[in-house]
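Values below: every heavy atom of this structure, side chains too, minus hydrogens, waters and symmetry copies. Here the structure is a predicted model, which is why all the values come from computation and not from measurement.
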Amino acid sequence: EPRQAVLALERPTLGLGDLVLPEEALQEVAFVAKVLQEGGDPPVVLFHGPPGTGKTHAARCLAGTAGVPLGVTSLDKLLVKWVGDTEKGIARAFAQAEEKRALLLLDEADALLYDRGTMYLTWQLSQVNTLLKLLERPRVPVILCTNLLRVLDSAVHRRIQHLVEFPVPGFEERRSLWALALTHLLWAGPEADLDQLAAVPITGGLIWNAVLQAFRRRKVLGDEFSLDTQGLLALARKELPKMDREAFPKTIGFERPTG
């Protein structure tokens, strides 16, 4: 049977300076980068938080800081309808990451590490057991990402050495995220009012979307679209409906804090 590639290999150039997180979380990510640089037993890291809060981006920043490639796999490459093939795909992802000496990123890990107490089909149990076994003493460093920490099997937690929470950003974090996004995309418009932009309570992923939309609209519409703070504000507010209030219980800081 030919070895099907289940990893997409990236060589990120991002670093910790491209990451906006609360100080405690940022320090933990920086510590993991040092662990990767020094070698030793490969760590298992769990990034958890609502969608769009920067978990995948942080994995790229971590790999770039540590100077290692990032092996990214996804559920569509791992989940196979034939019994037993998903387990083979999971094992293949670990083997390919080891071969490339890569940091393995497994997004949406909850789909493969669901609480076994809620399962009744043997193939579901087999998939979870396979991944748990590989995480027991992994031969490669692993980052697991999830939006649903509460549904993970309890056995996952003792296999994790580093747990990092990605909360919905507050005002100051949003201000930094706007500045980073505009810098990375080579903003050429008038200087943006970051305080006004940061007052809109959206995640980093949605901030990035708003900035990308600004560039696309300017390219298509030309002078009909104002490439300025007001144009960005309008696009940021268009992103607000994407903030599911049940998925984002920690949204804070709509207005700039005073005092």
Side-chain angles (χ1 to χ4, degrees), residues 10 12-30 47-65 70 72 107 145 147 164-259:
E10 300 180 9
T13 57
L14 298 171
L16 295 184
D18 301 297
L19 191 56
V20 177
L21 281 175
E23 187 60 29
E24 182 179 353
L26 192 59
Q27 288 180 359
E28 189 67 14
V29 174
F47 289 168
H48 70 97
T53 49
K55 298 181 292 296
T56 303
H57 175 71
R60 293 190 172 103
C61 293
L62 176 55
T65 301
L70 183 68
V72 182
D107 206 356
C145 294
N147 306 330
V164 184
E165 181 181 9
F166 287 70
V168 172
F171 180 90
E172 294 300 334
E173 287 82 14
R174 292 196 298 271
R175 196 179 190 283
S176 297
L177 286 164
W178 276 106
L180 268 177
L182 293 171
T183 299
H184 273 292
L185 291 171
L186 303 176
W187 180 253
E191 185 174 352
D193 186 330
L194 297 179
D195 286 352
Q196 284 194 56
L197 296 172
V200 183
I202 55 178
T203 63
L206 298 182
I207 287 171
W208 188 263
N209 285 350
V211 177
L212 282 176
Q213 277 295 322
F215 277 87
R216 287 171 183 158
R217 287 168 189 256
R218 182 68 169 192
K219 183 177 180 180
V220 173
L221 300 175
D223 292 340
E224 293 179 36
F225 177 77
S226 298
L227 196 65
D228 56 16
T229 299
Q230 293 309 309
L232 286 170
L233 269 176
L235 292 171
R237 288 169 181 148
K238 285 180 180 290
E239 299 292 327
L240 266 174
K242 299 177 184 178
M243 296 282 289
D244 180 345
R245 296 305 168 184
E246 291 184 6
F248 298 94
K250 295 186 178 181
T251 301
I252 57 174
F254 190 89
E255 299 294 342
R256 183 181 178 88
T258 57

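Of all the heavy atoms in P50 and V168, the pair that sits closest is CG-CG2, 4.0 Å. In plain terms, the two heavy atoms of A179 and T183 that are nearest each other are O-OG1, 2.8 Å. Contact detail for H57 and L14: the closest heavy-atom pair is CE1-CD1, 3.6 Å. Residue L70 comes nearest to A63 through the heavy atom pair CB-CB, 4.0 Å, listed as atom of the first residue, atom of the second, then distance. Across all non-hydrogen atoms, the minimal contact from F47 to A58 is CE1-CB, 3.9 Å. Closest heavy-atom contact between C61 and L19: SG-CB, 4.2 Å.
Counting heavy atoms from C-beta outward, E239 and V200 have side chains that stay 4.5 Å or more apart. The shortest side-chain heavy-atom distance between N209 and I202 does not fall under the 4.5 Å cut-off. For the pair R217/E224, no side-chain contact is recorded, criterion being any heavy-atom separation below 4.5 Å from C-beta on. Counting heavy atoms from C-beta on, the side chains of T65 and V29 never come closer than 4.5 Å. Counting heavy atoms from C-beta outward, W178 and V211 have side chains that approach closer than 4.5 Å.
The distance from atom CD1 of I207 to atom CG of L182, rounded to the nearest 0.5 Å, is 9.5 Å. Annotation: the span from F215 atom CZ to L227 atom CG amounts to 6.0 Å, rounded to 0.5 Å. Rounding to the nearest 0.5 Å gives a distance of 11.0 Å between NE2 of H48 and SG of C145. Separation of atoms CG (L62) and CD (E28) is listed at 10.5 Å; rounding is to 0.5 Å. One finds the OG1 atom of T56 at 4.0 Å from the CG atom of D107 (value rounded to the nearest 0.5 Å). Note: D18 CG to T13 OG1 = 8.0 Å, rounded to the nearest 0.5 Å.
Of the possible polar contacts, one joining the T229 side chain to the D193 backbone as a donor-acceptor pair under 3.5 Å is found. Side chain of E173 to backbone of G170: a donor-acceptor contact under 3.5 angstrom is found. For the pair R174 (side chain) and P169 (backbone), a donor-acceptor distance under 3.5 Å is present. Without hydrogens or angle criteria, K55 side chain to F166 main chain gives no donor-acceptor distance under 3.5 Å.
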